[in-house]
Amino acid sequence: MRYDLVIFDNDGVLVDSEPISNRLLAAYLTELGHPTSYEDSLRDYMGAAMHRVHDLVEERTGERLPADFDDVFHARVFAAFERELTAVGGAVDVLEKLAADGVPYCVASSGSHERIRVGHRKTGLDRWFEDGRIFSSQDVGRGKPAPDLFLYAAERMGVEPARCVVIEDSPLGVQAAVAAGMDVYGFTAMTPAAKLAGAGELFSDMGQLIDLLV
């Protein structure tokens, strides 16, 4: 294996949550008087921590989102996860291979710890991720595209950034990985390859990942 640590983004890479959460985010923002399409949400918020939603809405409109915005949004998302969420095709095969080969891995997500765990329980991925392998933007001061989360994950896992590879599907995540001094592979199942141009490798099927890592 070419790396000492594989760092996975969560949403869109391990769990197929981006269509669900961005559909609900667009609908909720529109409901609050900030017209947002599904495509707008993907463009502006995919891969970002919740503070980016608050920051962009206030920057564009001068208005602050309600104090309970995050709680209401997450309640809607978690309810939809229970109905609809699945693991990304091939993700389990990748995790099984890494575990069998003794290759360290973890998840570093813009989502909250609760969101990560809800998604993993629903999809059965929780068996692969005990607490020591889960890192959230909640753990650091700044979310992606800042490098803080990936650097924090590498430090906690005891691996130098240069020996890490990040698996990402969002432009913000690719920017964060590059800023952290890590190699990054861009998963293009939902994101056009041109938007992940900073990635060293691009792949559209999770089944391709193991071959890229060796």
Side-chain angles (χ1 to χ4, degrees), residues 8-89 91-92 106-146 148-149 152-153 168-173 176 187 189-191:
F8 291 95
D9 176 44
N10 190 55
D11 295 294
V13 171
L14 294 174
V15 296
D16 195 17
S17 53
E18 292 291 9
I20 299 170
S21 57
N22 281 283
R23 182 185 78 231
L24 293 173
L25 180 57
Y28 189 25
L29 288 172
T30 300
E31 177 186 320
L32 292 173
H34 307 291
T36 305
S37 69
Y38 173 72
E39 292 75 19
D40 292 337
S41 185
L42 288 176
R43 181 194 66 222
D44 293 339
Y45 305 121
M46 182 174 167
M50 287 302 294
H51 67 75
R52 179 177 172 87
V53 182
H54 291 264
D55 292 346
L56 279 185
V57 168
E58 184 170 12
E59 178 183 311
R60 291 170 173 173
T61 69
E63 300 177 13
R64 297 180 66 86
L65 291 171
D68 64 350
F69 179 87
D70 290 11
D71 291 338
V72 172
F73 174 63
H74 284 130
R76 296 182 182 185
V77 167
F78 295 163
F81 279 4
E82 290 299 327
R83 297 189 302 269
E84 305 173 43
L85 189 65
T86 60
V88 168
V92 168
C106 65
V107 61
S109 172
S110 292
S112 66
H113 279 282
E114 183 182 15
R115 177 183 172 123
I116 298 167
R117 285 171 171 78
V118 166
H120 285 189
R121 284 196 300 270
K122 168 61 178 174
T123 58
L125 294 182
D126 53 341
R127 63 176 294 203
W128 304 105
F129 290 97
E130 64 271 20
D131 287 350
R133 295 184 191 268
I134 297 177
F135 305 101
S136 161
S137 61
Q138 288 180 309
D139 300 325
V140 296
R142 299 180 298 169
K144 306 169 189 178
D148 304 39
L149 175 57
Y152 176 75
E168 264 289 354
D169 71 329
S170 75
L172 294 175
F187 184 42
M190 272 196 62
T191 307

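These numbers were taken from a predicted model, which means no experiment stands behind them.
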Could you check if a side-chain atom of [X] sits within less than 4.5 angstrom of a side-chain atom of [Y], using non-hydrogen atoms only?
X: L32; Y: P66; value: yes
X: Y45; Y: M50; value: no
X: F135; Y: V107; value: no
X: Y38; Y: P19; value: yes
X: V88; Y: L14; value: no
X: M46; Y: E18; value: yes
X: S137; Y: R142; value: no
X: I116; Y: F129; value: no

[atom1]-[atom2] distance between [X] and [Y], expressed to the nearest 0.5 angstrom:
X: E168; Y: N10; atom1: CD; atom2: CG; value: 10.5 Å
X: I20; Y: L85; atom1: CD1; atom2: CG; value: 5.0 Å
X: W128; Y: C106; atom1: CH2; atom2: SG; value: 16.0 Å

May I ask you to decide whether [X] forms a salt bridge with [Y], counting only side-chain N to carboxylate O separations under 4.0 Å?
X: R52; Y: D44; result: no
X: E114; Y: R117; result: no
X: E84; Y: R23; result: yes

CA sep, side-chain torsions, deciding dist, call: H120, V15, side chain to side chain contact (heavy atoms under 4.5 Å, CB included):
CA-CA 8 Å; H120 285 189; V15 296; 4.2 Å; yes
Among L125, V118, T123, exactly one meets side chain to side chain contact (heavy atoms under 4.5 Å, CB included) together with R121. Which residue is that?
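Testing R121 for a side chain to side chain contact (heavy atoms under 4.5 Å, CB included) against L125, V118, T123 leaves exactly one candidate, V118.
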Centre of Y28's six-membered ring, under 6.0 Å away, within 45 degrees of the axis: is that where NZ or CZ of R76 sits?
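Judged by the rule (NZ or CZ under 6.0 Å from the ring centre, within 45° of its axis), R76 counts as positioned above Y28.
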Should E58 and E63 be marked as a side chain to side chain contact (heavy atoms under 4.5 Å, CB included) after you check the CA-CA gap, both sets of side-chain angles, and the distance that decides it?
CA-CA 5 Å; E58 184 170 12; E63 300 177 13; over 6 Å; no
Minimal non-hydrogen separation, L149 against S109, with atom names
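Shortest heavy-atom separation between L149 and S109 comes out as CD2-O, 3.4 Å.
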At their closest point, which heavy atom of S110 faces which heavy atom of A49, and how far apart are they?
CB-N, 3.6 Å
Is it true that a side-chain atom of [X] and a backbone atom of [Y] form a donor plus acceptor pair closer than 3.5 Å?
X: S170; Y: G173; result: yes
X: T30; Y: T36; result: yes
X: T191; Y: D169; result: yes
X: D139; Y: S136; result: yes

Could you give me the CA-CA distance, side-chain angles and deciding distance for D55 and R60, then say whether salt bridge (Lys or Arg N to Asp or Glu O under 4.0 Å) is met?
CA-CA 9 Å; D55 292 346; R60 291 170 173 173; over 6 Å; no
Which class fits the ring pair F81 and F78: parallel under 30°, tilted 30 to 60°, perpendicular over 60°?
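Ring orientation, 0 to 90° scale: tilted.
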With side chain to side chain contact (heavy atoms under 4.5 Å, CB included) as the criterion, how do D70 and L65 come out once you've worked through the C-alpha distance, each side chain's angles and the decisive distance to 0.1 Å?
CA-CA 9 Å; D70 290 11; L65 291 171; over 6 Å; no
Assess the residue pair D11 and R115 against the criterion (salt bridge (Lys or Arg N to Asp or Glu O under 4.0 Å)); give the C-alpha distance rounded to whole Å, side-chain angles, the decisive distance to 0.1 Å, and a yes or no.
CA-CA 10 Å; D11 295 294; R115 177 183 172 123; 3.2 Å; yes
Using only heavy-atom distances, determine whether the side chains of H113 and D131 contain a donor-acceptor pair under 3.5 Å.
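On atom types as modelled, these side chains do not qualify, holding no pair under 3.5 Å.
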Is it true that the side chains of S41 and N22 contain a donor and an acceptor less than 3.5 Å apart?
yes
Criterion side chain to side chain contact (heavy atoms under 4.5 Å, CB included) on K122 and T86, from CA distance to verdict
CA-CA 8 Å; K122 168 61 178 174; T86 60; over 6 Å; no
